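One structure is given here, and the rest of the page talks about it.
One is the number of the first residue; the rest follow in order along the sequence. It should be emphasised that the depicted structure is a prediction, and the values quoted were computed from it without experimental measurement.
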Amino acid sequence: MKQELPGHIKKAFKSIDHFLPVVDLVVELVDARMPNGSRLKGFIDRLGKNSVIALAKSDLADEKETRKWLDRFSDEGLTAVSLDCRDRQSVKRLTSLIKTAAFTVKPGCKPPARKVRRAMIIGIPNVGKSTLINSLAGRKAARTANMPGVTRSIQWIKLSGELELLDLPGILDYGLLRRGDILRLINTMPGKDEDTWSQAKTLSEILAITGNNGVLPGFVACGESYDLFIEDYARRMNFCRKGGVPDIERAATDVIRRFQAGGLGRITIEKADSDLPELLDMQPDSPEVEF
Ligand SMILES: Nc1nc2c(ncn2[C@@H]2O[C@H](COP(=O)(O)OP(=O)(O)OP(=O)(O)O)[C@@H](O)[C@H]2O)c(=O)[nH]1
Ligand SMILES: [Mg+2]
């Protein structure tokens, strides 16, 4: 099966190529609930620029796990910081990292003649790129909303201290699309969510694997059977169709929405001491992507 990337994502890849020569730094924005699984690792490496990693939405992730992730990235020689992109205080550390890194000349490279330094914010859709830019700029310069594919236009946003940031649409690569089911859980895949029943099932499997199965209300009491749990959840929430039949699709949608909004607690679905479980990393119907 071949999967075409949406036009605005293709445009983002072209813009990255176009602007790369005048960019000094790449800020790689990942989701703190799934820090490695939401990276565009190979792609960022190939750009050959100084880079820093920012773990967005850390207010939704397990604090202890986030600390472990920061240690892991640091052990790998990477500069990483965690933040809540909506909070101007929280992004302050990143501001100073960006300033230092953007003005640092990579070994073997000539410093640019221009005074201004430029950074690109690169990350998957809906991870918080435009929100972060607004917090860094201290004003609402970029459009944001809680759905993937909001940024369509590409714009430079000026910061104080001779810095400019590029707001880009979120991008996805072949590796990320292969784990589309998991990425959908953190609301990053463009397109309509169709099979929420399967998505909530995937969520329950991931929560079980990562030792978080207790966060689903009633899941353990239902013998950790997803079928029993989702029916029980529908009844508890009073999600019933005519005749009192439990509306399990509505229940599944609600479970996912609660997880995404942090209503099940602060949960990291990818542990720092292990990569994404093999079973979930490789979806059987891996789509091929045309760039
Ligand atoms: N809880 C939480 N929500 C955040 C954070 N950062 C962004 N958001 C929310 O995530 C949603 C997406 O934010 P955007 O800034 O539009 O994301 P984007 O990466 O620019 O998305 P695209 O342009 O569609 O690729 C918005 O509802 C933000 O309020 C964060 O650190 N924590
Ligand atoms: Mg955006």
Side-chain angles (χ1 to χ4, degrees), residues 9 12-13 16 25-47 49-87 90-91 93-94 97-98 101 119-133 135-136 144 146 148-151 165-190 206 210 259-260 262 266-276 280-281:
I9 297 189
F13 276 109
I16 292 170
L25 174 75
V26 172
V27 177
E28 185 185 0
L29 200 59
V30 301
D31 192 308
R33 293 166 295 176
M34 199 175 141
N36 215 23
S38 58
R39 286 191 73 190
L40 290 141
K41 194 178 171 322
F43 177 72
I44 302 280
D45 289 348
R46 280 196 298 280
L47 298 180
K49 295 282 172 180
N50 281 342
S51 67
V52 298
I53 300 181
L55 278 68
K57 306 198 177 179
S58 61
D59 54 298
L60 298 174
D62 182 288
E63 273 176 290
K64 255 205 240 147
E65 279 301 322
T66 300
R67 274 196 296 276
K68 284 192 197 168
W69 272 108
L70 293 176
D71 288 346
R72 174 170 161 178
F73 285 134
S74 159
D75 290 347
E76 291 174 14
L78 302 163
T79 306
V81 64
S82 63
L83 39 79
D84 175 345
C85 303
R86 302 163 305 172
D87 176 6
S90 163
V91 305
R93 212 172 102 64
L94 181 64
L97 276 179
I98 291 180
M120 274 178 179
I121 314 273
I122 296 185
I124 58 174
N126 206 34
V127 69
K129 299 173 295 299
S130 303
T131 306
L132 172 62
I133 286 179
S135 292
L136 291 168
T144 65
N146 191 15
V150 168
T151 302
L165 298 178
L166 187 64
D167 188 26
L168 288 155
I171 55 174
L172 291 161
D173 63 12
Y174 176 67
L176 288 168
L177 279 165
R178 277 196 319 178
R179 30 178 116 92
D181 284 7
I182 308 180
L183 286 168
R184 212 171 276 286
L185 293 176
I186 54 168
N187 196 13
T188 199
M189 297 298 286
I206 295 182
T210 53
F259 167 71
Q260 288 175 345
R266 297 177 61 162
I267 303 166
T268 301
I269 55 175
E270 184 184 30
K271 299 261 186 191
D273 47 20
S274 61
D275 287 326
L276 278 180
L280 300 162
D281 195 16

Measure the CD1-CG distance between I9 and L168 for me, rounded to the nearest 0.5 Å.
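It comes to 11.5 Å.
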
For the OG atom of S58 and the CZ atom of R67, what is their distance to the nearest 0.5 Å?
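Going from OG on S58 over to CZ on R67, the span is 11.0 Å.
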
Under the side chain to side chain contact (heavy atoms under 4.5 Å, CB included) criterion, do L132 and L94 qualify, and how do the steps go?
CA-CA 10 Å; L132 172 62; L94 181 64; 3.8 Å; yes

[X]: which residues meet the side chain to side chain contact (heavy atoms under 4.5 Å, CB included) condition with it, sequence neighbours left out?
{"X": "N146", "answer": "N126, N187"}
{"X": "I44", "answer": "V26, E28, L40, S51, I122"}
{"X": "T79", "answer": "V52, L97"}
{"X": "D167", "answer": "K129, S130, I133, A142, T151, Q155, I157"}

If you compare all heavy atoms of [X] against all heavy atoms of [Y], which two are closest, and at what distance to 0.1 Å?
{"X": "A272", "Y": "K68", "answer": "CB-CB, 3.6 Å"}
{"X": "E63", "Y": "R266", "answer": "CG-NH2, 3.2 Å"}
{"X": "A61", "Y": "T66", "answer": "CB-OG1, 3.7 Å"}
{"X": "L55", "Y": "F73", "answer": "CD1-CE1, 3.9 Å"}
{"X": "D87", "Y": "S135", "answer": "N-OG, 4.0 Å"}
{"X": "I206", "Y": "I269", "answer": "CG2-CB, 3.6 Å"}

Listed by chain and number, what are the salt bridge (charged side-chain N to carboxylate O under 4.0 Å, His left out) partners of D45, not counting sequence neighbours?
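For D45, the residues satisfying salt bridge (charged side-chain N to carboxylate O under 4.0 Å, His left out) (neighbours in sequence not counted) are K41.
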
Looking at residues at least two apart in the chain, or sitting in another chain, which of them share a salt bridge (charged side-chain N to carboxylate O under 4.0 Å, His left out) with D59?
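D59 satisfies salt bridge (charged side-chain N to carboxylate O under 4.0 Å, His left out) with R86 only.
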
Would you indicate whether the side-chain heavy atoms of [Y] and [X] approach each other to under 4.5 Å?
{"X": "L172", "Y": "I124", "answer": "yes"}
{"X": "I53", "Y": "R39", "answer": "yes"}
{"X": "R72", "Y": "N36", "answer": "yes"}
{"X": "P35", "Y": "E270", "answer": "yes"}

Treating [X] as the side-chain partner and [Y] as the backbone partner, does any N or O pair qualify as donor plus acceptor under 3.5 Å?
{"X": "E65", "Y": "T268", "answer": "no"}
{"X": "W69", "Y": "A80", "answer": "no"}
{"X": "T144", "Y": "T131", "answer": "no"}
{"X": "T188", "Y": "L183", "answer": "no"}

Any salt bridge linking D31 with R33? Criterion: basic side-chain nitrogen under 4.0 Å from a carboxylate oxygen.
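Answer for the salt bridge query: yes.
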
